[in-house]
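Sequence lines set the chain letters: A, B, ... in the order given, protein chains first and strands last, and positions in each chain run from 1.
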2 protein chains.
Amino acid sequence: MKNNIKQLREQFDLTQEDLAKEIGVSRQTIISLEKERYSPSIILAFKLAKLFNCQIENIFIYEEN
Amino acid sequence: MKNNIKQLREQFDLTQEDLAKEIGVSRQTIISLEKERYSPSIILAFKLAKLFNCQIENIFIYEEN
DNA sequence: ATTTAACGTAAAGTGTACTTTACATTAATA
DNA sequence: TATTAATGTAAAGTACACTTTACGTTAAAT
């Protein structure tokens, strides 16, 4: 599961901590997501999509298998 | 988190077990999702979207708070 | 040279998505 | 009425998303 969180976050001029607070998760969660250490819950994906004003599919790129 | 899984599954003429096998989860997972007992991982959401040939946002309806 | 903001790592703990097993219920069909 | 397919419930276990804490690194600003 790839994602554009870092680029989007920078486009919106947010620090990792800003973003974490905006969507109500820890900074660690943002770091781990940007480093693609795990894929998020769908709830977190929806929160990011809402904040970045786009579709989940524009943030996360699903790779089969 | 609401969803249309049951309706979509029936449109595609699949049993819960069929659907479970198609996307590689247990039947219990399908039951729990249809009963909206929990919200899925984004990976599961992507698998469903692919199978049903639509966007995640067309299957799952995010309600804030 | 020191401080500070932003980013990063590591590791242990908690909550929850998902599995597994076993059994109950309903409706259709022989 | 007995069988079978599909759906459901309950409960214990496993995997992993996410938190918390504590500390390290880098670059910019004072």
Side-chain angles (χ1 to χ4, degrees):
Chain A
M1 181 75 50
K2 303 222 163 188
N3 72 69
N4 317 1
I5 297 177
K6 182 168 186 174
Q7 300 91 291
L8 285 163
R9 175 174 65 78
E10 288 169 349
Q11 283 175 34
F12 279 73
D13 208 17
L14 298 169
T15 67
Q16 292 177 334
E17 191 162 13
D18 291 338
L19 178 54
K21 280 180 185 162
E22 285 279 353
I23 60 182
V25 295
S26 68
R27 189 170 64 91
Q28 262 313 312
T29 294
I30 302 301
I31 290 173
S32 294
L33 281 179
E34 289 190 358
K35 294 281 168 187
E36 291 171 347
R37 285 200 242 274
Y38 56 66
S39 42
S41 68
I42 197 180
I43 291 180
L44 182 38
F46 266 109
K47 286 180 181 169
L48 288 164
K50 190 188 175 201
L51 180 63
F52 292 141
N53 197 34
C54 66
Q55 305 262 99
I56 289 177
E57 289 84 350
N58 295 325
I59 305 178
F60 296 93
I61 294 91
Y62 175 57
E63 302 157 310
E64 345 228 336
N65 313 323
Chain B
M1 181 74 53
K2 303 220 164 190
N3 71 69
N4 316 0
I5 296 177
K6 182 167 186 175
Q7 300 90 291
L8 285 163
R9 175 174 63 77
E10 287 169 349
Q11 282 175 35
F12 280 73
D13 208 18
L14 297 170
T15 66
Q16 293 177 336
E17 192 163 13
D18 289 338
L19 178 54
K21 280 180 185 162
E22 285 278 353
I23 61 182
V25 296
S26 69
R27 189 169 65 92
Q28 261 314 311
T29 294
I30 302 301
I31 290 174
S32 294
L33 282 179
E34 289 189 358
K35 294 281 169 187
E36 290 171 350
R37 284 202 243 273
Y38 53 68
S39 41
S41 66
I42 196 180
I43 291 180
L44 182 38
F46 265 109
K47 286 180 182 170
L48 287 164
K50 190 190 174 201
L51 180 63
F52 292 141
N53 197 33
C54 65
Q55 305 261 98
I56 288 176
E57 289 84 352
N58 295 326
I59 305 179
F60 296 94
I61 295 92
Y62 175 58
E63 302 158 308
E64 346 228 335
N65 313 323

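The distance from atom CD1 of B:Ile30 to atom C1' of C:dT19 is 13 Å, rounded to the nearest whole Å. Straight-line distance from the CD1 atom of B:Ile31 to the P atom of C:dA17: 17 Å, rounded to whole Å. In this entry the distance linking CD of B:Gln16 with P of D:dA6 reads 10 Å, nearest Å. For B:Met1 and C:dA17, the CE to P distance is 10 Å, given to the nearest whole Å. In this structure, A:Phe46 places its CZ atom 18 Å from P of D:dA17, rounding to the nearest Å. Residue B:Tyr38 contributes atom OH, which lies 15 Å from atom P of D:dC18 at whole-angstrom precision. Atom CD in B:Glu17 sits about 10 Å away from atom P in D:dA5, given to the nearest Å. Rounded to an integer number of Å, the gap from CZ of A:Phe60 to P of D:dA17 is 12 Å.
Each of A:Lys35 and B:Ser41 has a nearest nucleotide on DNA chain C; the 5'-most of these lies closest to A:Lys35. For the pair A:Gly24 and A:Arg27, both in contact range of DNA chain D, the more 5′-proximal nearest nucleotide belongs to A:Gly24.
Residues A:Ser26 and A:Thr29 bring a donor and an acceptor atom of their side chains to less than 3.5 Å of each other.
Nearest heavy-atom pair across A:Ile43 and B:Ser39 is CD1-OG, 3.3 Å. Between A:Ile42 and B:Met1, the shortest heavy-atom distance links the atoms CG2-CE, 4.0 Å. Contact record, A:Lys2 with A:Glu36: CA-OE2, 3.1 Å, taken as the closest heavy-atom pair.
Between the base of D:dT7 and the side chain of B:Gln28 there is no donor-acceptor pair shorter than 3.5 Å.
Distance from the side chain of A:Val25 is smallest for D:dT19 among the nucleotides D:dT19, C:dT9, C:dC18.
OP1 or OP2 of C:dT19 lies within a sub-4.0 Å distance of a side-chain N or O belonging to B:Ser26. Proximity of B:Arg37 to the phosphate of C:dC18: no side-chain N or O atom is located under 4.0 Å from OP1 or OP2. For B:Arg9, a side-chain nitrogen or oxygen approaches OP1 or OP2 of D:dT7 to under 4.0 Å.
Note on B:Ser32: nothing from the nucleic acid sits closer than 4.0 angstrom, heavy atoms only. If you check every strand for non-hydrogen atoms under 4.0 Å, B:Thr15 touches sugar and phosphate atoms only.
Classification of the A:Phe12-A:Phe52 ring pair by plane angle, with boundaries at 30° and 60°, yields tilted.
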